[in-house]
Number of protein chains: 2
Amino acid sequence: MASESTEGRTPNPKDGRVSGNQDAPRKRSPGQGPRGAARFSSSSDRTSADIVYEKLHGAIASMELLPGTPVSELTLTREFGVSRTPVRAALQRLAKEKLVEIVPKSGTFVGRIPVSGLIEAIVARRALEVMIVRNTVDRATPDDMTYLRDQLARQRMLADRGELAPFHAADEAFHAALATMAGYPGIWDIIRTLKIQVDRYRQLTLPQEGRLEMVIREHTAVVDAIEAGDADTAARAMEEHLDKLQLDIEVFGQDHPEYFIHDRAVDDQV
Amino acid sequence: MASESTEGRTPNPKDGRVSGNQDAPRKRSPGQGPRGAARFSSSSDRTSADIVYEKLHGAIASMELLPGTPVSELTLTREFGVSRTPVRAALQRLAKEKLVEIVPKSGTFVGRIPVSGLIEAIVARRALEVMIVRNTVDRATPDDMTYLRDQLARQRMLADRGELAPFHAADEAFHAALATMAGYPGIWDIIRTLKIQVDRYRQLTLPQEGRLEMVIREHTAVVDAIEAGDADTAARAMEEHLDKLQLDIEVFGQDHPEYFIHDRAVDDQV
DNA sequence: TATTTGCAACTTGTATACTAGTTAAATCTC
DNA sequence: GAGATTTAACTAGTATACAAGTTGCAAATA
């Protein structure tokens, strides 16, 4: 990896682009200019690979595509009307998130849910969100509190109507908001990636009676503690909230053993 | 994302592959068969894309390639003697780790170090490792303790000899070992990914006198607390150890502002 | 009938040609 | 000479052809 920059292409110091800030990646203002008219420049940045990726990502995350299902490049090619190149790009992105498994010269399959990864995801999420909520206590503004209360109200409404998917989205938004308020939006991205595998698993379990109401109560407890400025209580409330996730696990390969992989993965070197 | 499996390709139930475990990804035992002769099947699984990826990853992580440096696909093509396809695959993997920035139709550049990401990485790492070390207290076996003591001895030796790079590797191994002992090797993978950006930054700062000895002292304090079965002390020792990382930050764009990006990134939707 | 062997139809990995967009330098205009 | 405009040389995204390996069925053999 010697040169790359001191090499042939940029010989003269004048237009030598090495590490010059004027020559850094030029930022383009994407399609979010004047907010009203998104005309035709809005979706322009989404490449074919992006579209395939997002569609597959959603289908795998929602368990619409079940673990082990083959996802052949050729089939996707026909399905999306694009060539193999963007399809492959999408699949390789998904492979990095362990949402698909690519077996060279053999096939590509919807990723099986890693059991050990599930446990680690829950543990890691709890550690991160407890830390986040502690920081939220100090940093949340009055506007933030208003937003959180509005979110709680929205959750109540969705729960009453029994709209599960929107409720799930609102739940995510709630936790994401806490992370943002704490000043750690990037950490929420990490959590979200971890969460996907857990969410996939939970699609397999029956929704428990009254769970939504319980979630709202726990969310409310967190918000109350934040508003009271009580970090310890907020942390404990969040910990208890997330601990509920562990309960209905334990029955892993009971019904669908083929959806899971029990390996203590060795091939992990990203 | 309707079918993919109930679709044309696998019509008859007999060889319908949907979610059948017999049809799950066939595990190949890679080049590690009879351990002696790896003949020519050993390196066969590493594709060209893997090689390019690993080489670039190392060069970027070690700051051999500085932020903002253009990494043209064509140049890499010539450098590695492969076509654009594997080069692009490698770059797209790196883009997902934010180690390169791909600007469509314009160029690909070594990723600038995200300042906000640095802070979040340190905070997240601390939360995770403190949680990990608490779990280590309960789960570490006598063999584990022996291993940790050996690691400490090795660190002392490397520090005495002033071998910085091996010391850094030993430091990583120490933390990775704690995570494994706690039962969360996957969480270490997350931490490692976070750590890369921090490591890149630290390459820019001068190594402080006596820092290695301090690190060893702190590591020793952690191990002592684990051996004593004192989770609180172990957690506090780890927290203090990792807090040291924050200290010499603050002087961000001082010398090399062009290496950093201060955005509160909006384009984040992996 | 049970076993082996070979082949045919898949799969992903790679190379390459082409498209469309960007950028900066060179040229033209005033 | 200064500024606006054209243009040529880049860039990454995509399509497609080919190479190499895997898999499972089918036919041949015992």
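As the structure is a prediction and not an experimental result, all values here were calculated from the model.
Straight-line distance from the CZ atom of Phe109(B) to the P atom of dT22(C): 14 Å, rounded to whole Å. If you take NZ of Lys105(A) and P of dG24(D), they are 17 Å apart, rounded to a whole angstrom. Note: CZ (Arg88(B)) to C1' (dA12(D)) measures 6 Å, nearest angstrom. The interatomic distance linking Leu76(A) (CG) with dT11(C) (P) rounds to 11 Å, in whole Å. What separates CD of Glu73(A) from P of dA9(C) is a distance of 20 Å, to the nearest Å. Atom CG in Leu74(B) sits roughly 12 Å away from atom C1' in dA12(D) (whole-Å rounding).
Proximity of Ser83(B) to the phosphate of dA15(C): a side-chain N or O atom is located under 4.0 Å from OP1 or OP2. At dT16(D), none of the side-chain N or O atoms of Thr85(A) fall inside 4.0 Å of OP1 or OP2 (strictly under the cut-off). Side-chain N/O atoms of Thr47(A) include none lying less than 4.0 angstrom from OP1 or OP2 on dG13(D).
In this structure, Arg93(B) satisfies the cation-pi test against Tyr53(B), with its NZ or CZ atom closer than 6.0 Å to the six-membered ring centre and inside 45 degrees of the ring normal.
Comparing dG13(C), dA12(D), dT14(C) by their closest approach to the side chain of Pro104(A) singles out dG13(C).
Among the protein residues, Ala89(A) comes within range of no part of the nucleic acid, since none of its heavy atoms lies under 4.0 Å from any strand.
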